[in-house]
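See structure below.
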Number of protein chains: 2
Amino acid sequence: MDVSCPERVILEHVTSRWGVLVLCELLDGAELRFSALRRAIGIVSEKMLTQTLRTLERDGFVLRRALPVIPPHVTYSLTPLGLEAAARVHALSVWTADAAPAVLSARTAYDAAHPSPS
Amino acid sequence: MDVSCPERVILEHVTSRWGVLVLCELLDGAELRFSALRRAIGIVSEKMLTQTLRTLERDGFVLRRALPVIPPHVTYSLTPLGLEAAARVHALSVWTADAAPAVLSARTAYDAAHPSPS
DNA sequence: CTGTATCCATGATGATACTG
DNA sequence: CAGTATCATCATGGATACAG
């Protein structure tokens with residue numbers, strides 16, 4: 001990741017593999033626990049989810065609230081800044097979903113025009 | 001990359017490290033040659049630029065025009081679909097640039113509150 | 001429950017040399 | 001000029017075990 005360009009790094013964070021999913025899950029203002037978030041996303045390792053949440057928290061997009069009880073009770077939600085980010089990422093995500101049919105047919109056309117040497 | 005989710009793959013393509021830069025360079029409707037594109041982006045290996053352009057071309061975002069002359073003359077530009085994608089990616093990129101100051105200060109606050117064990 | 005630490009597989013990226 | 005081929009390197013992601 002190009003460290004010389006701060007905005008690029010931020011962009012990578014919010015559009016990262018798991019970053020997109022975390023933001024979209026929290027977009028509705030929900031305050032989810034670690035395990036709930038993990039189940040909602042689907043298949044994601046603890047390590048990756050933790051790493052993604054740390055990054056987004058450090059960037060000021062995600063708010064982490066830990067209740068000092070045993071067993072631990074931690075919830076994650078979006079900050080106002082995170083809500084803005086999530087809304088935009090979600091919009092882009094929706095657009096790609098809309099564009100998917102066009103992309104798929106473009107791929108079919110491309111593959112037809114560029115046959116792999118068999 | 002999760003193959004089971006087509007739209008996610010498309011999102012990865014347009015928000016990829018070099019994909020973002022290619023789309024932004026071509027956003028103004030320019031029709032750039034391979035070497036011009038490479039210089040405009042800055043530091044990118046031939047391999048990565050080629051790979052990125054192939055992916056975007058296959059997805060129907062980029063149009064490749066090769067003139068059958070020697071030496072080869074190839075130009076790249078955006079398709080209408082690619083223009084839409086580029087506009088949205090660029091908008092997100094601009095937003096992250098705007099949000100950068102807030103993110104940077106959030107990081108400072110986070111690092112102050114979470115000192116690394118020294 | 002919510003993580004952290006470790007090791008390992010995989011893929012992305014890059015440098016270099018070469019071709020039509 | 002515009003790539004392709006190859007190899008080396010490095011970051012990313014995941015499985016597992018374990019700690020507070």
Side-chain angles (χ1 to χ4, degrees), chain A residues 1-5 8-9 11-22 25-26 31-58 62-77 110 114-117, chain B residues 1-5 8-9 11-22 25-26 31-58 62-77 110 114-117:
Chain A
M1 195 180 303
D2 192 353
V3 184
S4 66
C5 188
R8 279 285 305 291
V9 176
L11 189 63
E12 303 266 351
H13 289 174
V14 298
T15 62
S16 70
R17 187 166 185 173
W18 306 117
V20 172
L21 297 181
V22 168
E25 282 301 327
L26 297 176
E31 191 169 347
L32 296 180
R33 299 186 62 172
F34 185 86
S35 52
L37 203 44
R38 194 176 176 208
R39 255 176 289 115
I41 288 178
I43 300 175
V44 56
S45 66
E46 298 173 352
K47 177 184 167 183
M48 282 301 106
L49 184 54
T50 299
Q51 197 173 103
T52 302
L53 286 170
R54 284 283 173 283
T55 300
L56 293 178
E57 185 195 358
R58 192 170 103 100
V62 160
L63 182 65
R64 178 181 185 271
R65 296 181 44 177
L67 277 59
V69 297
I70 292 186
H73 184 106
V74 181
T75 62
Y76 295 91
S77 58
Y110 181 93
H114 303 76
S116 61
Chain B
M1 196 180 302
D2 191 353
V3 184
S4 65
C5 188
R8 279 283 309 289
V9 176
L11 189 62
E12 303 266 350
H13 288 175
V14 298
T15 62
S16 70
R17 186 165 184 173
W18 307 116
V20 173
L21 297 182
V22 167
E25 282 301 327
L26 297 176
E31 191 170 346
L32 296 181
R33 301 185 61 170
F34 185 85
S35 52
L37 203 44
R38 196 176 174 208
R39 255 175 289 116
I41 288 177
I43 299 176
V44 56
S45 66
E46 297 174 353
K47 179 183 168 183
M48 281 302 105
L49 183 55
T50 299
Q51 197 173 103
T52 302
L53 286 170
R54 284 284 172 285
T55 301
L56 294 178
E57 184 194 359
R58 193 170 102 100
V62 160
L63 181 64
R64 177 181 186 273
R65 296 180 45 176
L67 278 58
V69 296
I70 292 186
H73 184 106
V74 181
T75 62
Y76 294 92
S77 58
Y110 181 93
H114 301 77
S116 61

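By convention in this document, chain letters (A, B, ...) are assigned in the order of the sequence lines, proteins followed by strands, and residues within each chain are numbered from 1.
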Legend entry - Atom CG of A/L67: over 12 foreign heavy atoms under 6.0 Å: yes
Can you check the [X] [atom1] to [N] [atom2] distance for me, whole Å?
{"X": "A/H13", "N": "D/dT12", "atom1": "NE2", "atom2": "C1'", "result": "13 Å"}
{"X": "B/R54", "N": "D/dA5", "atom1": "CZ", "atom2": "P", "result": "11 Å"}
{"X": "A/Q51", "N": "C/dT4", "atom1": "CD", "atom2": "P", "result": "10 Å"}
{"X": "B/L53", "N": "C/dT13", "atom1": "CG", "atom2": "P", "result": "14 Å"}
{"X": "B/L32", "N": "D/dC1", "atom1": "CG", "atom2": "P", "result": "15 Å"}
{"X": "B/I70", "N": "D/dA2", "atom1": "CD1", "atom2": "P", "result": "13 Å"}
{"X": "A/M48", "N": "D/dT12", "atom1": "CE", "atom2": "P", "result": "9 Å"}
{"X": "A/L37", "N": "C/dT2", "atom1": "CG", "atom2": "P", "result": "10 Å"}

Legend entry - Closest-nucleotide 5' rank along DNA chain C - winner of B/I43 and A/E46: A/E46
Legend entry - Per A/Y76 side chain, nearest of listed nucleotides C/dT2, C/dG3, D/dG3: C/dG3
Legend entry - Selected nucleotide, minimal atom distance to A/S35 side chain, candidates D/dC1, C/dC1, C/dT2: C/dT2
Are any non-hydrogen side-chain atoms of [X] and [Y] less than 4.5 angstrom apart?
{"X": "B/Y76", "Y": "B/V62", "value": "yes"}
{"X": "A/L26", "Y": "A/L32", "value": "yes"}
{"X": "B/L21", "Y": "B/W18", "value": "yes"}

Legend entry - Residue whose nearest DNA chain D nucleotide is more 5′ - A/P72 or A/V44: A/V44
Quick one: is [N] close enough that its OP1 or OP2 comes under 4.0 Å of any side-chain N or O from [X]?
{"X": "B/T50", "N": "D/dA2", "value": "no"}
{"X": "B/R33", "N": "D/dA2", "value": "yes"}
{"X": "B/R64", "N": "D/dA2", "value": "no"}
{"X": "B/R17", "N": "C/dA12", "value": "no"}

Legend entry - Closest non-hydrogen atom pair between B/R17 and A/R8, with its separation: O-NH2, 3.2 Å
Legend entry - Check: C/dT13 base within 3.5 Å donor-acceptor of B/K47 side chain: yes
Inset, instruction - Describe the nucleic acid contact of B/R38 in one word from base, sugar-phosphate, nothing, applying a heavy-atom distance below 4.0 Å. - result: nothing
